[in-house]
Amino acid sequence: MSDGTVETVPDWRTLVAHQRPEWPDQVRLDEVVADLAASPSLVTPQECDTLTARLAQVAEGKAFLLQGGDCAERLDNLSTQAIQRKLRLLQQMSVILTSASALPVVTVGRIAGQYAKPRSWPTETVDGRTLPVYRGDAVNGIGFTQAERQPDPARLRRVYDASRYTLDVLRAHTYDLHQLRERNQDFVARSPAGVGCGRLVRRIGRSMSSMDARGGASGAELFASHEGLLLDYEEALTRHDRGSGRRYAGSGHMLWIGDRTRQLDGAHVAYFATIDNPIAVKLGPATTPEHALALIDRLDPDRRPGRLTFIVRMGARRVRDLLPELVEKVNASGAPVVWVSDPMHANTFQAPSRHKTRRFDDVLAEVAGFLEVHKALGTHAGGLHVELTGEDVTECIGGSAELGFEDLHRNYESACDPRLNADQALELAFLVAEMLG
Ligand code: PEP
Ligand code: MN
């Protein structure tokens with residue numbers, strides 16, 4: 001601990017795991033957990049350490065983090081093409097951001113494991129009928145029937161297999177800078193927002209050429225991250241590394257604790273304290289500076305740069321009021337955390353059609369507030385965490401295509417929260433790049 005005392009951390013199994021599903025069959029759960037415990041890890045300790053080293057650069061203000069992907073991945077219709085389109089979109093965004101900020105961009109997907117969702121309510125009522133809420137494909141089915149909504153431990157094995165498949169696709173494929181640059185130029189040429197982006201694209205073209213000359217390719221590596229919500233699954237895939245003696249979650253490179261499960265006396269914080277992966281915690285508007293400092297003591301007692309990221313999601317209207325004190329006090333403590341903006345989760349509302357949605361302008365406004373706060377304090381605005389897809393969905397409103405409420409029914413595919421579509425995500429990257437540049 002920072003004051004030199006050693007605190008014994010209780011075993012997470014003895015603590016309350018908020019959001020834990022009510023698995024109906026403990027014997028079946030135990031079988032699946034044993035099967036996973038005997039299966040190969042999905043990522044290696046070396047890859048996790050590489051990501052920690054990359055994030056240490058972010059903590060020092062020498063790099064920027066882009067983290068993005070689905071709110072909830074789906075087990076059905078896993079598609080190589082869809083994974084590649086998501087990868088390409090993240091890499092296109094990284095190229096845009098790296099060129100404007102002149103910093104390397106560390107690219108991390110919400111991918112290959114993002115299958116479990118924390119929910120605000122345990123049940124859902126439709127037309128007078130009440131069933132358990134959907135908790136992500138790792139737990140139950142999205143269909144509104146009793147059978148679908150029953151938690152099924154066998155799904156954990158399917159999540160493992162799907163995550164492995166996704167990682168295989170990601171590892172087998174990267175896009176070269178020229179392809180990415182061309183696609184960015186095509187986007188600008190056909191986008192109604194294109195005119196304003198022209199100058200930036202030319203600058204991006206120039207800095208990409210100089211990057212080519214140096215032989216570097218920012219954003220070419222893609223790491224995998226997800227919310228570490230289901231501790232039975234995470235523990236089953238946690239391994240001791242013989243070489244270093246350290247313990248790593250093997251389900252993904254980086255795991256985060258959600259805003260609903262960051263209780264200091266809860267099982268999630270206790271489990272996360274036992275692993276050596278780079279980790280993050282989501283901080284919503286109720287977070288006090290004292291809570292943030294206590295999380296640092298518990299999760300990063302050695303103050304290792306790159307170990308701990310705070311993903312703040314305060315809302316477009318509140319970020320300027322709530323963030324400064326948090327950043328000031330954490331900064332004054334000397335802890336080397338990475339600060340990232342999630343401009344999505346506190347800007348969600350229900351459209352008249354009852355679809356969950358977000359306004360593109362609110363997303364942009366929260367990022368702007370986040371950047372302003374860091375600029376005023378002289379701290380590094382370390383990155384962006386967004387929900388997006390490479391597909392042409394209509395889930396968030398606004399953007400240069402001016403999607404409105406009337407468009408939501410057209411192509412709303414998210415199983416949980418609304419994502420930026422590919423064009424909205426690129427537009428966001430260009431607009432954030434202009435703020436950074
Ligand atoms: C999420 O990232 O999908 C999520 C549920 O976020 P939060 O924990 O910030 O609410
Ligand atoms: Mn979400």
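Because only heavy atoms are used, hydrogens play no part in the values below, and waters and symmetry mates are left out as well, while side chains stay in. Every number for a ligand or one of its atoms is a count from 1 in the order of the listing.
Defined by atom type and a distance below 3.5 Å, a donor-acceptor pair is missing between the side-chain atoms of Q67 and W256. Side chains of R313 and H385: a donor-acceptor N/O pair is absent below 3.5 angstrom, by distance only.
Note that the OG1 atom of T287 and the CD atom of E325 stand 11.5 Å from one another [nearest 0.5 Å]. With rounding to the nearest 0.5 Å, the separation of OG1 in T309 from NZ in K282 is 12.5 Å. H291 NE2 to I296 CD1: the interatomic distance, rounded to the nearest 0.5 Å, is 10.5 Å. Taken to the nearest 0.5 Å, the CG atom of L299 stands 4.5 Å off from the CD1 atom of I279.
Ring geometry, Y412 versus H355: the interplanar angle falls from 30° to 60°, so the pair is classed tilted. Ring geometry, W339 versus H374: the interplanar angle falls from 30° to 60°, so the pair is classed tilted.
Partner D70 forms a side-chain hydrogen bond (donor to acceptor under 3.5 Å, both in side chains) with one of H226, R110, R419 and no other, that one being R419.
Residue-environment remark: CD (E22) stays at or below the threshold of 12 foreign heavy atoms within 6.0 Å.
Looking at P118 against ligand 1, only its side chain comes within 4.0 Å, counting heavy atoms.
Among the atoms of R260, some N or O lies under 3.5 angstrom from an N or O of ligand 1. Residue-to-ligand polar distances place K282 within reach of ligand 1: an N/O pair is separated by less than 3.5 Å.
The closest approach between a heavy atom of K117 and any atom of ligand 1 is below 4.0 Å. The shortest heavy-atom distance from R110 to ligand 1 is under 4.0 Å. E387 counts as a contact of ligand 1, since one of its heavy atoms falls under 4.0 Å from the ligand.
Of the charged side-chain nitrogens involved, none lies within less than 4.0 Å of a carboxylate oxygen, so that R85 and D392 do not count as a salt-bridged pair.
Protein heavy atom at the shortest distance from atom 8 (O) of ligand 1 is D259 N, 2.8 Å.
Between the choices H345, H226, R313, the shortest heavy-atom distance to atom 9 (O) of ligand 1 belongs to R313.
Annotation for ligand 1: atoms under 4.0 Å from non-hydrogen atoms of G258 are 8 (O). Within ligand 1, counting atoms from 1 as listed, the ones closer than 4.0 Å to a heavy atom of C71 are 3 (O).
Taking 2.8 Å as the limit, the number of protein N, O or S atoms around the Mn ion (ligand 2) is 4.
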